[in-house]
Amino acid sequence: MEAGTRSQLEALGIDPRKSLGQNFLVHSADAERIAAAVDATPDDAVIEIGPGIGALTRPLLQRAGAVIAIELDPRLVEVLRSTLGGTPSLTVVHADALTVDFAALLAQHAPTARQVRFAANLPYYITSAAIRKMLESGLPWRKLVVTVQLEVAQRMTAKPGEMSLMSVSAQFYGIPALITRLGAGAFHPPPGVDSAVIAVTPHPAPLYDDPAALFALARAGFGQKRKQLINTLSAGTGLSKIDTAELLLRAHIDPSRRPETLSIAEWIALAAAQKAYRPPE
Ligand code: SAM
């Protein structure tokens, strides 16, 4: 691929669209490394978001039983279908990854797959929504490997003190690990910032049985930056400050703490306390 990405695109008459977050991988060694982190077997289906001209799709196909590649740009769908269309284990889907039904695609195109893995060099403009959709898919996923802006990678792997909604989301569903950093030169055209590859391995069992309630609280908690939890939670949930303080104390959390300091275990304790709490009449 080395010299090839740019000339390949030129030969195909494709000018990368910034509005679609099109920064194509240049080095096959990087694509190999990402595919190795996905770690798919012939029993697995891989859902790839944004395959582009197939840089990552190719090494994925060498490992996985099936690859379902979801691409929004019709020009790239056509390229993929003409270059890789003869590969029986590949399905190229022309769709928006944010609205398409992953479970339906799997049932239709990889009905015998035992497990699913996600892979994506994500277009920056859908990063958070796409990661959330994959994490919350409810599918039996075994690995999620994404190339994202370095700042997003840092948020996914942040520790208490620097947590954000993205950190809570990534770490509630699994254990995110940095695979490698990629400089701007790893892509064509080069983006304005460095990137990183993150692999999330799911926890062996769900950490809490009501993620929707936990994330409603977390969204409320992170609703206002740099404010104390008693204020952000009260504003976001509609509970009085007295009830909010009571709730936090029951979860053994000091009401004056800030949302970025809470661990996943503390968000779980807070959600559990809320479930059990009946404000006095
Ligand atoms: N995987 C290729 C690579 O690594 O060279 C391309 C990665 S590029 C950063 C992002 C890709 O996502 C582009 O092919 C772009 O057209 C596609 N894309 C953008 N928005 C999308 C969406 N909503 N759903 C699916 N694909 C999308």
Side-chain angles (χ1 to χ4, degrees), residues 1-38 40 46-62 64 67-84 90-102 104-105 117-134 137 144-153 179-199:
M1 212 185 329
E2 321 302 313
T5 301
R6 186 190 192 133
S7 46
Q8 237 176 301
L9 288 164
E10 276 169 10
L12 293 162
I14 289 173
D15 55 314
R17 296 222 169 119
K18 206 173 173 185
S19 62
L20 288 176
Q22 291 179 345
N23 302 98
F24 300 94
L25 274 172
V26 172
H27 305 296
S28 50
D30 289 336
E32 283 291 339
R33 196 156 174 192
I34 298 168
V38 176
V46 176
I47 295 181
E48 185 190 3
I49 295 182
I53 56 171
L56 178 57
T57 320
R58 286 184 178 80
L60 289 172
L61 282 167
Q62 284 163 9
V67 175
I68 298 171
I70 306 164
E71 174 58 60
L72 183 59
D73 187 338
R75 303 174 306 167
L76 298 171
V77 170
E78 205 182 306
V79 169
L80 283 168
R81 286 190 176 145
S82 65
T83 54
L84 291 172
L90 174 68
T91 306
V92 179
V93 180
H94 180 205
D96 180 344
L98 292 186
T99 54
V100 79
D101 181 343
F102 292 156
L105 287 181
R117 290 162 196 262
F118 292 110
N121 171 12
L122 281 173
Y124 70 92
Y125 78 101
I126 62 165
T127 300
S128 302
I131 292 175
R132 208 176 321 125
K133 176 164 176 171
M134 292 185 272
S137 66
L144 180 161
V145 180
V146 283
T147 304
V148 290
Q149 296 186 7
L150 187 58
E151 182 244 323
V152 175
I179 300 299
T180 188
R181 282 171 76 144
L182 295 175
F187 306 93
H188 172 75
V193 292
D194 283 355
S195 300
V197 181
I198 294 284

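As the structure lists them, so they are numbered: ligands from 1, and atoms in each ligand from 1.
One finds the CZ atom of F24 at 10.0 Å from the CD atom of Q8 (value rounded to the nearest 0.5 Å). Note that CZ of R58 and CG of L60 are 11.5 Å apart. Values are rounded to the nearest 0.5 Å. Atoms CD1 and OG1, on I68 and T57 in that order, are 12.5 Å from each other to the nearest 0.5 Å. Taking NE2 of H188 as the start and CD1 of I53 as the end, the distance is 9.0 Å to the nearest 0.5 Å. Atoms CD1 and CZ, from I49 and F118 in turn, are 7.0 Å apart once rounded to the nearest 0.5 Å.
The protein atom (non-hydrogen) at minimum distance from atom 19 (C) of ligand 1 is L20 O, 3.1 Å. The protein non-hydrogen atom at the shortest distance from atom 17 (C) of ligand 1 is E71 OE2, 3.3 Å. Ranking the protein heavy atoms by distance from atom 20 (N) of ligand 1 puts Y125 OH, 2.8 Å first. The protein heavy-atom contact nearest to atom 4 (O) of ligand 1 is N121 ND2, 2.8 Å. Closest protein heavy atom to atom 6 (C) of ligand 1: G50 O, 3.4 Å. In terms of protein heavy-atom proximity, atom 5 (O) of ligand 1 is closest to L25 N, 2.8 Å.
Shown here are the side-chain contact (heavy atoms from CB on, under 4.5 Å) partners of D15, two or more places apart in sequence or in another chain: R75.
Taking distance alone, with nitrogen or oxygen atoms compared against 3.5 Å, A97 approaches ligand 1 more closely than that limit. Distances between N or O atoms of Q22 and those of ligand 1 include at least one value under 3.5 Å.
Atoms of ligand 1 lying under 4.0 Å from any heavy atom of E48, numbered from 1 in the order shown and given with element: 1 (N). Every atom of ligand 1 is numbered from 1 in the order shown, and the set under 4.0 Å from a heavy atom of F24 is 5 (O), 6 (C). Interface atoms of ligand 1 facing D73, defined by a heavy-atom separation under 4.0 Å, are 16 (O). Near I70, meaning under 4.0 Å from any of its heavy atoms, are these atoms of ligand 1: 25 (C), 26 (N). Residue L76 has at least one heavy-atom neighbour below 4.0 Å for each of these atoms of ligand 1: 14 (O), 16 (O).
When the heavy atoms of L60, V100, L72 are ranked by distance to atom 26 (N) of ligand 1, first place goes to L72. Of the candidates P123, G21, P51, it is G21 that places a heavy atom closest to atom 8 (S) of ligand 1. Nearest-residue assignment for atom 23 (N) of ligand 1 (options D96, V79, I34; heavy-atom criterion): D96.
Contacts with ligand 1 closer than 4.0 Å are made by backbone heavy atoms (N, CA, C, O) of A95 only, the side chain lying farther away.
Looking only at distances, a side-chain donor or acceptor of R81 sits under 3.5 Å from a matching main-chain atom of V92.
A pairwise comparison of heavy atoms in G52 and L76 identifies O-CB, 3.7 Å as the closest pair.
Each of L90, L56, L84 was compared with V67 under the side chain to side chain contact (heavy atoms under 4.5 Å, CB included) criterion, and only L90 meets it. Shown are V193, L122, T127, T147; of these, the side chain to side chain contact (heavy atoms under 4.5 Å, CB included) with V152 is made only by T127.
Contact between R17 and ligand 1 is absent, with no heavy atom of the residue lying under 4.0 Å from the ligand.
R181 CZ: 12 or fewer foreign heavy atoms inside a 6.0 Å radius.
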